[in-house]
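I have placed the structure first, in the form of structure tokens, so that the comments after it can refer back to it.
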Amino acid sequence: MKTIVKKLEKKIFISLDIPGDKSISHRSVIFGSIIPGETTIRNFLQGDDCKHTLEAFEAMGVEASLKDKVLVIKGKSLDSMQKPKKDIYLGNSGTSIRLLSGLFSGLPFTTTLTGDASLQKRPMKRVIDPLAKMGAKIESLEGGLAPLKINPNEEKNHLKAIQYDSPIASAQVKSCLILAALSIDGETTITEPHLSRDHTERMLKYLGAQIITEGTKIKINGKEAYKQLKPKEIFVPGDISSAAFFMVAAAILENSEITVKNIGLNPSRTGILEAFDLMNVNYEIINPREVNNEPIADIKVKTSNIKAAEIGGELIPKLIDEIPIIAILAAQAQGTTVIKDAEELRVKESNRITSTLNMLSKLGVDAKETPDGMIIKGRSRKPFEVSYLTEIDSHGDHRLAMSSAIAALYSTQPIEIQKTEFVQTSFPNFFDLLYKLYHSDEN
Ligand code: S3P
């Protein structure tokens with residue numbers, strides 16, 4: 001699907017409800033499914049990725065009903081799950097395949113996890129290797145690619161506790177091992193080089209399980225922790241990674257003020273706000289509060305006098321999904337922005353270093369690709385100069401499609417964005433909210 005987005009020349013003054021957080025929605029489905037009893041999840045993200053996680057459990061006999069963003073799950077214990085009748089298809093979702101490969105390693109039957117062309121290219125050795133150390137039997141295609149066939153071991157209770165020092169700061173790897181640990185007697189210890197998002201740990205604590213977190217180290221006596229879990233209502237905060245598109249729109253467009261409501265402000269996810277501080281973005285946090293062990297607030301962003309910055313190191317895992325839209329912000333800054341230590345971007349839904357650079361070049365931005373990031377020369381808030389219906393290929397990457405659409409709001413001519421159907425992955429009503437901006441001063 002192609003979508004044409006044209007320049008927005010009006011004053012913007014609007015408040016937006018941003019859909020639920022993708023990471024928290026996945027985790028709420030997983031815990032809701034494996035805790036016997038009924039779990040109600042409010043503001044559930046109805047994006048394709050989270051629906052695939054839910055379908056995986058439905059294939060094993062879990063019942064669920066979804067109405068008006070409220071998902072009710074009737075959970076079952078892990079040992080009463082049924083063998084799925086066919087392979088489990090997880091679409092574009094790296095989070096689903098990595099988290100479920102851990103959880104399903106403890107099941108007494110074979111499951112096969114697969115996905116779309118993009119997912120079949122993404123590295124799975126990062127989970128296969130530590131799971132193998134735990135004793136899991138996983139078959140993959142050469143190079144550790146999906147489909148992953150997860151076989152049970154002949155012995156019961158076959159997985160064993162390990163101590164794993166992850167070489168990468170990845171919440172997907174960490175959560176995969178925590179979920180595998182739920183079938184293991186004894187203490188599993190996991191460390192990571194920098195803190196990645198900690199929603200799994202927070203949700204376990206909220207649902208009553210004991211898990212010890214000390215900086216970047218986690219200890220969990222998995223089987224014990226699993227027995228402690230009790231069903232509880234979950235409210236999914238708005239996704240800061242989705243809010244980021246509209247926050248950057250407010251910063252780069254003239255005469256604008258956008259408030260995004262009920263946004264998750266977990267410190268392992270707020271790297272974009274730290275980048276805003278470095279880049280002089282005019283924003284305000286309103287009404288901070290807490291829901292199910294996750295901090296949330298509203299965020300108001302106004303037209304800003306954007307400055308360039310250097311973004312790297314520990315900040316990267318805290319804003320990893322926001323880099324394509326931060327690149328648009330940097331392209332409107334005063335000065336040259338350097339993004340480094342972000343080689344992980346090469347193995348996301350697309351090679352996000354190359355696809356972001358391709359987007360910037362189509363927008364006429366002076367930018368350079370580096371092995372671990374990019375260098376972007378800012379235009380000091382001047383519309384992107386493009387020719388009529390310049391085409392930008394999203395490479396089937398939802399975040400590239402949305403970043404290109406925000407850039408188009410501040411471009412001299414309409415832009416045609418390709419493969420926009422992929423916004424369904426994480427932000428199904430993205431274009432509805434974008435079109436609201438054109439009428440925001442009529443309220
Ligand atoms: C996610 C973790 C991140 C992130 C992804 C969602 C999660 O990936 O990029 O969109 O929900 O755990 P990594 O953990 O691989 O960095």
Side-chain angles (χ1 to χ4, degrees), residues 19-31 44-45 47-50 52-53 90-103 115 118-119 121-130 144 146 164 166-180 190-204 216 218 236-237 239-245 264 266 268-272 294 314-326 341-353 355-356 372 397-400 402-403 422-423 425-427:
D21 187 275
K22 180 157 78 71
S23 295
I24 298 177
S25 294
H26 280 297
R27 286 151 175 85
S28 59
V29 169
I30 293 174
F31 288 116
F44 176 69
L45 171 64
D48 285 348
D49 277 16
C50 301
H52 286 305
T53 296
L90 299 167
N92 201 235
S93 181
T95 307
S96 309
I97 197 164
R98 297 205 179 102
L99 268 56
L100 296 183
S101 62
L103 186 71
S118 152
L119 194 67
K121 282 193 216 121
R122 296 183 65 188
M124 296 299 148
K125 261 177 86 63
R126 55 181 61 195
V127 290
I128 296 173
D129 289 350
Y164 187 66
S166 174
I168 48 173
S170 163
Q172 293 179 352
V173 171
K174 172 173 71 172
S175 304
C176 163
L177 301 180
I178 294 172
L179 292 169
I190 306 154
T191 67
E192 54 181 345
H194 301 307
L195 185 69
S196 63
R197 63 192 67 188
D198 63 355
H199 303 299
T200 308
E201 299 89 304
R202 283 174 183 259
M203 198 173 284
L204 275 163
T216 54
I218 292 164
V236 181
D239 196 326
I240 191 164
S241 302
S242 300
F245 299 105
N266 179 318
S268 63
R269 292 287 298 284
T270 48
I272 186 155
E294 292 278 355
E314 291 194 12
L315 199 47
I316 295 295
K318 295 198 245 171
L319 48 68
I320 189 73
D321 292 338
E322 287 69 84
I323 292 178
I325 190 64
I326 289 174
D341 307 318
E343 49 280 269
E344 184 61 20
L345 288 178
R346 295 201 182 274
V347 290
K348 290 290 178 191
E349 286 84 330
S350 67
N351 175 339
R352 277 195 186 147
I353 297 187
S355 46
T356 300
D372 66 344
D397 184 329
H398 53 132
R399 302 207 193 274
L400 258 295
M402 294 186 276
S403 300
F422 277 86
V423 305
T425 298
S426 64
F427 200 159

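Whatever order the structure lists them in is the order used to number ligands and atoms, beginning at 1. Worth knowing before you read on, the calculation uses all heavy atoms, side chains too, and leaves out hydrogens, waters and symmetry mates. Sequential numbering from 1 along the given sequence is applied to the chain's residues.
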query: For Ser355, which residues count as a side-chain hydrogen bond (donor to acceptor under 3.5 Å, both in side chains) partner, sequence neighbours excluded?
result: Ser350
query: Hey, are Arg269 and Glu294 close enough for a salt bridge, meaning a charged N less than 4.0 Å from a carboxylate O?
result: no
query: Regarding Ser96 and His52, is there a side-chain donor-to-acceptor distance under 3.5 Å anywhere?
result: no
- prompt: With hydrogens left out, which residues have an atom under 4.0 Å from ligand 1, given that only heavy atoms count?
  reply: Lys22, Ser23, Arg27, Thr95, Ser170, Ala171, Gln172, Arg197, Ile320, Asp321, Lys348
query: If you measure from the Lys or Arg side-chain nitrogens to the Asp or Glu carboxylate oxygens, is any gap between Asp321 and Arg197 under 4.0 Å?
result: yes
field: Polar side chain donor-acceptor pair, Ser175 to Arg27, under 3.5 angstrom
entry: yes
- prompt: Looking only at heavy atoms, which two atoms of Ile326 and Leu319 are closest? And how far apart?
  reply: CD1-CD2, 3.8 Å
